[in-house]
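Worksheet for the structure shown next.
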Amino acid sequence: MKRLITSSLAATILMASLPAQVEAREIVRSTTKKATIMYKHAGKVELRTIEAGEIVLIRKRGKVWTKIEYRNKFGYVATKDLTFPQTNKEKEQKLAKQGEALKKQTAVYNRVVEKGDISRLIGQEDLKYRLALAQFEGQIKTVNPGKAATKQLTTAYVNPGKRAMKRVQHELTAWQMLETAEAQVRALEYDEAEATYKRAQAELKAGKALRKKMNYPALPKKFQKKIDKRAAVIKKRFTSSTFNDLLAEGHVHWMSEIQFESITTASPYIDSNDNKQTTGFVLQQDAKRAAVMVSLHLPDNNVFNKHVVFKKMRYTLSRSQAMNDSLLEAPVTMTLRGDKQLRETTTIEPLNEPIEKEAVVADDSAIFLEFENVPKGMAVTNIVFYR
């Protein structure tokens, strides 16, 4: 029993002799802002001068005086002359200010989505915001303001940003795919375009499923309408292309530019039946000879003998409304000539109504629409090529 008491007493004495170790748990490093005097007591009995930039160990921080350890000696220096690591509360407050800036960016991002400005999102807004969000999230991990603060900052600023992007991420991917499909259509690569279009549709379907699963808001009407419109225009091209489509994509070649003018919605053509036409071309002046060539092949340096992507075409040979008052002096004939087999003529008499026709072009990679002795105002309208 006596031995047990003696051991307990020894242990008590040993623990009492270790105050510095208990204190050391709270020790943090600090740096002197400028040269400062180290005192034995708070402001009393100078021990030495500590130069600026020296590292000291903080034993007990006070508002005016801080107890430190420097080169194995203890003393006091003015608190204002020291730099201290940020507390978790200070870290949280600083991060919260950055979070408020990110919150404003989130609001801007959402406004762009609401406006349906997809091109702006793709061009800069999505990447800029994605980078800002990643930087802020990385900053939280680096600063490490504590578990509770990290959770609060993530909930308040990071999660809303991620939701904003995830809400439209599939649609932005689909939009870029549709852009690729458009480029493929312009190059007459319709099979490739159709495959790209199907992948875009799969992305749109995945986006819809994600919003339902995560209970995200539905897409804004302007946003959805813009995607639907672009997809519909591309889908239509898988079955047919108008003369104006091919003209815009560089597949129509005026053999004499001054003789022709394209017919568009902005510059329509009124035929002899008083109907407004918005596709095709019209003769701007009388011509002994005139011709237009339409390439119906995959692009290559060699214009002819390439894989043809269309099977037939429809068109209408028309007189203008103005020509009703001045009859044609003679019938006008247009020859439709392919580079291989197509040979077809269409003649319009002085009093004829517009003549609608259809021609097979499956073996021809280029079509020439040729005229002789054609008066100003004659037009070929409603030209459509079918796959």
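In what follows, residues are counted from 1 in the order of the sequence shown. Quick caveat: nothing in here was measured; it's all calculated off a predicted structure.
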Other cluster members, [X] - Ile/Leu/Val/Met/Phe/Trp/Tyr, side-chain contacts below 4.5 Å:
{"X": "Ile37", "value": "Tyr39, Val64, Trp65, Tyr76"}
{"X": "Val360", "value": "none"}
{"X": "Ile270", "value": "none"}

Between [X] (side chain only) and [Y] (backbone N and O only), is there a donor and an acceptor less than 3.5 Å apart?
{"X": "His251", "Y": "Phe243", "result": "no"}
{"X": "Thr79", "Y": "Gly62", "result": "yes"}
{"X": "Asp364", "Y": "Gln341", "result": "yes"}
{"X": "Thr32", "Y": "Glu54", "result": "yes"}

**OP:** Give, for atom CD1 of Ile50 and atom CD1 of Ile68, the distance between the pair rounded to the nearest 0.5 Å.
**Re:**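 It comes to 4.0 Å.
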
**OP:** Report the distance from atom CD of Gln201 to atom NZ of Lys198, rounding to the nearest 0.5 Å.
**Re:**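 Between atom CD of Gln201 and atom NZ of Lys198 there are 11.0 Å.
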
Subject >> Side-chain heavy atoms of Arg314 within contact of Glu356, under 4.5 Å >> reply: no

Subject >> Heavy-atom side-chain contact between Ile348 and Met378 under 4.5 Å >> reply: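 With C-beta onward as the side chain, the pair touches.
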
Subject >> By salt bridge (charged side-chain N to carboxylate O under 4.0 Å, His left out) - contacts of Arg387 (at least two apart) >> reply: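 Testing Arg387 for salt bridge (charged side-chain N to carboxylate O under 4.0 Å, His left out), a comparison that skips the adjacent residues, returns Asp191.
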
Subject >> Partner set under salt bridge (charged side-chain N to carboxylate O under 4.0 Å, His left out) for Arg289, not counting sequence neighbours >> reply: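 Result, salt bridge (charged side-chain N to carboxylate O under 4.0 Å, His left out) vs Arg289: Glu372.
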
Original post:
Do the ring planes of Phe281 and Phe260 sit parallel (below 30°), tilted (30 to 60°) or perpendicular (above 60°)?
Top reply: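 Rings of Phe281 and Phe260: perpendicular, over 60°.
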
Original post:
Does Arg61 make a cation-pi contact with Phe84, if we ask for NZ or CZ under 6.0 Å from the ring centre and within 45° of the axis?
Top reply: yes

Subject >> Results of side-chain contact (heavy atoms from CB on, under 4.5 Å) for Arg343 - residues two or more places apart only >> reply: Arg337

Any pair with a residue in [range] that passes side chain to side chain donor-acceptor pair (under 3.5 Å), sequence neighbours left out, goes on the list, sorted by first then second residue, please.
{"range": "residues 125-140", "value": "Thr106-Tyr129, Tyr109-Asp126, Arg120-Glu125, Asp126-Arg130, Glu137-Lys162"}
{"range": "residues 220-230", "value": "Glu182-Arg230, Gln224-Asp228"}
{"range": "residues 140-149", "value": "none"}

In residues 148-157, what donor-acceptor pairs under 3.5 Å come from side-chain atoms, sequence neighbours left out?
| unit_1 | atom_1 | unit_2 | atom_2 | d |
| --- | --- | --- | --- | --- |
| Thr150 | OG1 | Gly146 | O | 2.7 |
| Thr154 | OG1 | Thr150 | O | 2.7 |
| Thr155 | OG1 | Lys151 | O | 2.8 |
| Tyr157 | OH | Glu100 | OE2 | 2.6 |

Original post:
When you look at NZ of Lys33, are more than 12 heavy atoms from neighbouring residues, nucleotides or ligands closer to it than 6.0 Å?
Top reply: yes

**OP:** Could you note down all residue pairs passing salt bridge (Lys or Arg N to Asp or Glu O under 4.0 Å) where residues 264-286 supplies at least one of them, sequence neighbours left out?
**Re:**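 Qualifying pairs: none.
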
Identify all side-chain donor-acceptor contacts of residues 210-220 below 3.5 Å with residues at least two apart in sequence or on another chain.
| unit_1 | atom_1 | unit_2 | atom_2 | d |
| --- | --- | --- | --- | --- |
| Arg211 | NH1 | Arg167 | O | 3.1 |
| Arg211 | NH1 | Glu171 | OE1 | 3.1 |
| Arg211 | NH1 | Glu171 | OE2 | 3.0 |
| Arg211 | NH1 | Gly207 | O | 3.4 |
| Arg211 | NH2 | Glu171 | OE2 | 3.3 |

